[in-house]
Chemist: 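Questions regarding the structure given below will be posed in turn.
Everything quoted here is computed from the prediction, not taken from an experiment.
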Amino acid sequence: MKSFLRILIIVLLGGLGGLLTYDAFFTARVVRDVRLLRQEGEGVQAAYRSNDISIMLNTIETLAPEIAQLNNDLQYLRLLPRLPILGTQISAMRTLSAAAATTIDDMLPLAFQVQRILQLVPTIERIEDVPPEARRQLLRMAIESAPLLTTFTTNSEQTLTTLKALQPEALLNPLGDYVAQAQELLTAVIPGAKKLQSFVDIVPYMAGYRTSQSYLLLLMNNFELRPGGGFIGTYGVLKVTDGEVQDLTTDDIYNLDRPSHARLSVTPPPPMSKYLLTPSFNKWLLRDSNWSPDFAINAQRALSFYRLEQGAHAENINGVIALTPTLIAKLLELTGPISVEGETFTASTIFDVLEWHVEKGYIGKRIPKTQRKEIIGPFAHALKTALLRLPIGEWQRVLDVLMESAQERALMAWTLDPSINRTLATHNVAGPVVDTPKPGEDVLIVLDANMRALKTDQVMQKSITYTVTQNTDTSLTAEVRSTYKNTGTYSWKWGTYRSYTRILVPEGSVLKGNDQGIETASELGHTTFGTFFTVDPGQEKTISFRYILAAAVAEQVKAGIYTLKLIKQAGTPAIPLTFSINSAKITKQIQTDLKTDRTISL
């Protein structure tokens with residue numbers, strides 16, 4: 001018996017020694033692999049920061065087999081992963097290594113594609129210098145890059161979530177540092193990849209790759225705010241083919257609307273008839289077409305009016321693009337001042353200079369009233385030229401401005417192609433999209449409509465307070481308080497603020513009391529409450545809407561669940577908003593703003 005135990009102990013110790021020797025061998029290899037990968041990884045980060053694609057590509061190609069070797073060596077460890085402390089470290093290392101392998105596999109084809117693009121235009125410094133055939137190839141390559149970017153962004157987000165779960169602060173160094181650095185790198189790269197994804201998903205098709213595209217342009221003056229973004233004072237037609245502007249014309253909206261006065265008789269919404277139009281002229285035309293909060297509806301209505309009013313090339317229009325002076329000012333920050341016909345436009349003066357010219361200045365220059373906005377055409381061409389002459393490296397900033405403006409509803413687009421519209425909506429370029437709320441979901445949209453108040457929105461300071469309170473019967477009382485301060489004076493462009501303001505809330509909500517002449521209606525699957533009010537210069541006014549929220553929302557809150565969607569009105573600045581809820585299971589106060597749409601989930 002003693003002999004048997006002695007043999008068993010020798011076998012076990014021998015096996016343990018073998019395992020330790022085996023693990024020691026592969027541990028040494030793992031350490032070597034990690035050192036090599038650290039050096040190569042630092043090279044990738046340096047190349048990324050310096051935009052040196054060639055070095056990045058070479059380094060990535062070197063990294064791929066090294067990471068595969070590390071993954072292989074880690075799988076051979078047998079004993080160490082079972083030990084309490086080392087096991088956690090090795091498990092984290094295996095996760096990190098697998099994440100690195102996935103990222104490298106996704107980055108490699110992207111890096112090759114970028115290299116191909118750079119080889120196509122190796123010496124080009126400005127967009128305007130790219131030859132037509134090269135533009136077509138670039139647009140084609142952008143389309144080819146779309147699925148690669150989708151794979152990279154999707155996998156990178158999943159990888160980042162996995163790495164965050166490792167909690168680097170709980171790991172031993174240098175492993176903890178490696179995990180933290182990987183998180184930082186992905187956190188920095190993912191937003192840029194998403195912007196590039198937006199570009200390759202949208203631009204080739206909108207830019208007329210293979211097939212020319214024509215767009216109805218709407219310049220909306222958000223200092224004369226309307227529910228869909230602003231008064232449409234100028235319209236235009238843009239034709240693009242393979243990324244090149246073939247034609248760009250603009251005109252005063254009144255030159256299109258005025259000849260249609262006698263021919264058309266489209267009934268306007270009741271508030272527009274009552275507070276904007278006059279009994280002698282109660283007709284709905286293109287300039288006032290953006291009455292809905294949903295841009296797709298406004299775009300289709302604008303195109304319908306354009307056709308009814310016999311606009312040029314109406315039968316060839318493929319879509320509608322709307323923008324506000326806010327976007328133009330941001331673009332001028334990139335290009336610098338632009339001078340046209342004796343007028344100099346800068347980011348800070350674009351609105352005031354243009355407004356003076358089309359309202360007052362044209363008189364002194366003896367320009368006919370019908371031609372007062374003709375300066376916008378030459379300005380648009382000058383801005384286009386200035387943008388195309390920017391160094392290619394600056395176009396990342398141009399893309400940032402465009403995507404930021406789309407998020408903030410200063411740029412919106414819609415096309416006749418439903419598939420492109422879905423892509424535009426995915427990347428927040430489709431403007432406000434007002435869908436029917438999900439059952440039990442709260443929603444709030446505050447819409448101001450300037451009703452013959454000149455350009456007074458320029459000097460209005462606004463804020464919103466939204467309060468939800470649970471009643472003793474578990475129903476919910478909601479109150480929206482919107483405050484308006486008129487900081488202007490009486491002048492040719494400012495005056496008494498006159499607004500018809502309506503809010504969209506969950507369908508089935510019921511108004512409580514009505515001492516302000518509030519009107520109730522239904523719109524886009526929502527209940528609406530609206531009222532007209534005025535604010536004189538130097539004065540401040542608060543309007544309020546109190547209502548019982550739809551029963552489905554109350555049921556959710558009763559269960560301790562609450563979701564609120566706040567949809568931003570196009571053309572508005574980042575209006576401050578204070579939200580609070582007080583119920584048996586949820587009590588919360590949040591300060592935010594409406595720079596973009598917001599979702600609050602509690």
Side-chain angles (χ1 to χ4, degrees), residues 215-236 250-254 256-257 268-269 271-272 275-277 284-299 301-303 305-306 320-331 350-359 373 376 379-380 405-414 429-432 434 445-462 484 486 488 493-495 497-502 567-575 594-596:
Y215 300 100
L216 174 63
L217 298 180
L218 304 176
L219 181 56
M220 306 185 301
N221 190 338
N222 50 335
F223 289 160
E224 189 175 348
L225 194 61
R226 294 295 164 81
F231 174 69
I232 304 169
T234 300
Y235 76 98
T250 65
D251 197 7
D252 187 337
I253 194 73
Y254 286 98
L256 182 63
D257 279 355
M272 191 184 295
Y275 302 111
L276 178 64
L277 305 175
W284 200 4
L285 296 169
L286 177 56
R287 61 179 178 263
D288 297 318
S289 59
N290 55 350
W291 186 255
S292 173
D294 190 301
F295 180 68
I297 293 174
N298 290 332
R301 185 181 292 124
L303 184 54
F305 273 119
Y306 188 71
V320 179
I321 298 174
L323 63 153
T324 72
T326 303
L327 167 60
I328 298 172
K330 289 182 177 180
L331 293 175
I350 172 65
F351 174 80
D352 291 327
V353 172
L354 188 57
E355 193 65 24
W356 169 259
H357 179 87
V358 302
E359 295 292 344
K373 294 185 179 179
I376 295 177
F379 169 77
S405 297
Q407 291 269 356
E408 298 174 6
R409 311 303 194 215
L411 172 65
M412 298 170 283
W414 172 87
V429 186
V434 184
I445 313 172
V446 179
L447 301 172
D448 294 325
N450 182 314
M451 302 279 95
R452 295 203 313 268
L454 303 175
K455 306 299 182 282
T456 309
D457 281 284
Q458 183 183 16
V459 291
M460 295 300 296
Q461 295 179 356
K462 306 177 183 182
Y484 302 80
N486 189 335
K493 63 176 179 177
W494 304 327
Y497 189 61
R498 296 164 42 88
S499 176
Y500 182 83
T501 295
R502 71 190 194 271
I567 299 180
K568 174 191 175 73
Q569 178 182 1
T572 56
I575 298 175
L594 293 178
K595 184 176 183 180
T596 65

Chemist: What closest approach, in Å, do S289 and W284 show between heavy atoms, and which atom pair accounts for it?
Modeler: CA-NE1, 3.7 Å
Chemist: I'd like to know if the side chain of K373 and the backbone of H357 have a donor-acceptor N/O pair within less than 3.5 Å.
Modeler: no
Chemist: Quick one: CZ on F305 to CG on D288, what's the gap to the nearest 0.5 Å?
Modeler: 8.5 Å
Chemist: Kindly indicate whether the side chain of R226, heavy atoms from C-beta on, has any atom under 4.5 Å from the side chain of I232.
Modeler: no
Chemist: Got a donor-acceptor contact below 3.5 angstrom from the K462 side chain to the T572 backbone?
Modeler: no
Chemist: State which residue, out of L454, V459, T456, fulfils the side chain to side chain contact (heavy atoms under 4.5 Å, CB included) condition with Y497.
Modeler: T456
Chemist: Look up atom CE in M412 and atom CG in N290, then write down how far apart they are to the nearest 0.5 Å.
Modeler: 8.0 Å
Chemist: Under the side-chain contact (heavy atoms from CB on, under 4.5 Å) rule, collect the residues that match up with I321, sequence neighbours excluded.
Modeler: M206, Y215, L217, L411, A413
Chemist: Just do the side chain to side chain contact (heavy atoms under 4.5 Å, CB included) check on Q569 and I445 with the steps written out, would you?
Modeler: CA-CA 7 Å; Q569 178 182 1; I445 313 172; 5.6 Å; no
Chemist: Under 4.5 Å between any side-chain heavy atoms of F351 and N221, yes or no?
Modeler: yes
Chemist: For the residue pair W291 and R301, what are the closest heavy atoms and their distance?
Modeler: N-NH1, 4.2 Å
Chemist: Looking at L447, is its backbone amide N or carbonyl O close enough to the side chain of R502 to form a donor-acceptor pair, meaning the two atoms are under 3.5 Å apart?
Modeler: no
Chemist: Tell me, do T501 and Y484 make a side-chain contact under 4.5 Å, heavy atoms counted?
Modeler: yes
Chemist: Side chain to side chain contact (heavy atoms under 4.5 Å, CB included) for L225 and M460? Distances and angles first, verdict last.
Modeler: CA-CA 11 Å; L225 194 61; M460 295 300 296; over 6 Å; no
Chemist: Nearest 0.5 angstrom please: L327 CG to L219 CG, how far?
Modeler: 10.0 Å
Chemist: Assess the residue pair D352 and Q458 against the criterion (side chain to side chain contact (heavy atoms under 4.5 Å, CB included)); give the C-alpha distance rounded to whole Å, side-chain angles, the decisive distance to 0.1 Å, and a yes or no.
Modeler: CA-CA 10 Å; D352 291 327; Q458 183 183 16; 3.4 Å; yes
Chemist: Indicate yes or no: does K455 engage E355 in a salt bridge with an N to O separation below 4.0 Å.
Modeler: yes
Chemist: How long is the span from the NZ atom in K493 to the CD atom in E224, to the nearest 0.5 Å?
Modeler: 13.0 Å
Chemist: Of the non-hydrogen atoms in K568 and L594, which two are nearest, and what is the gap between them?
Modeler: NZ-O, 2.9 Å
Chemist: Just wondering, do V320 and Y306 contact through their side chains at under 4.5 Å, heavy atoms?
Modeler: no
Chemist: Any idea which heavy atoms bring F295 and A430 closest together, and the distance?
Modeler: CB-O, 3.5 Å
Chemist: In terms of the angle between their ring planes, are Y275 and Y500 parallel, tilted or perpendicular, with boundaries placed at 30° and 60°?
Modeler: parallel
Chemist: Would you say D257's side chain and L285's backbone share a donor-acceptor pair under 3.5 angstrom?
Modeler: no
Chemist: May I ask you to test the L323-M220 pair for a side-chain heavy-atom distance under 4.5 Å?
Modeler: no
Chemist: What distance do F379 atom CZ and I350 atom CD1 have between them, rounded to the nearest 0.5 Å?
Modeler: 4.0 Å
Chemist: How about L256 and D251: do any of their side-chain heavy atoms sit closer than 4.5 Å?
Modeler: no
Chemist: Can you name the closest pair of heavy atoms from G233 and D252 and give their distance?
Modeler: O-OD1, 3.7 Å
Chemist: Using side-chain heavy atoms (C-beta onward) and a distance below 4.5 Å, is I567 in contact with P293?
Modeler: no
Chemist: To the closest 0.5 Å, what do you measure between CG (N298) and CG (L218)?
Modeler: 9.5 Å
Chemist: Indicate the atoms forming the closest heavy-atom contact of A449 with P227, along with that distance.
Modeler: CB-CD, 3.7 Å
Chemist: So, K330 and E408, do they make that salt bridge, N to O below 4.0 Å?
Modeler: yes
Chemist: Report yes if the side chains of S405 and T326 come closer than 4.5 Å at any heavy-atom pair, otherwise no.
Modeler: no
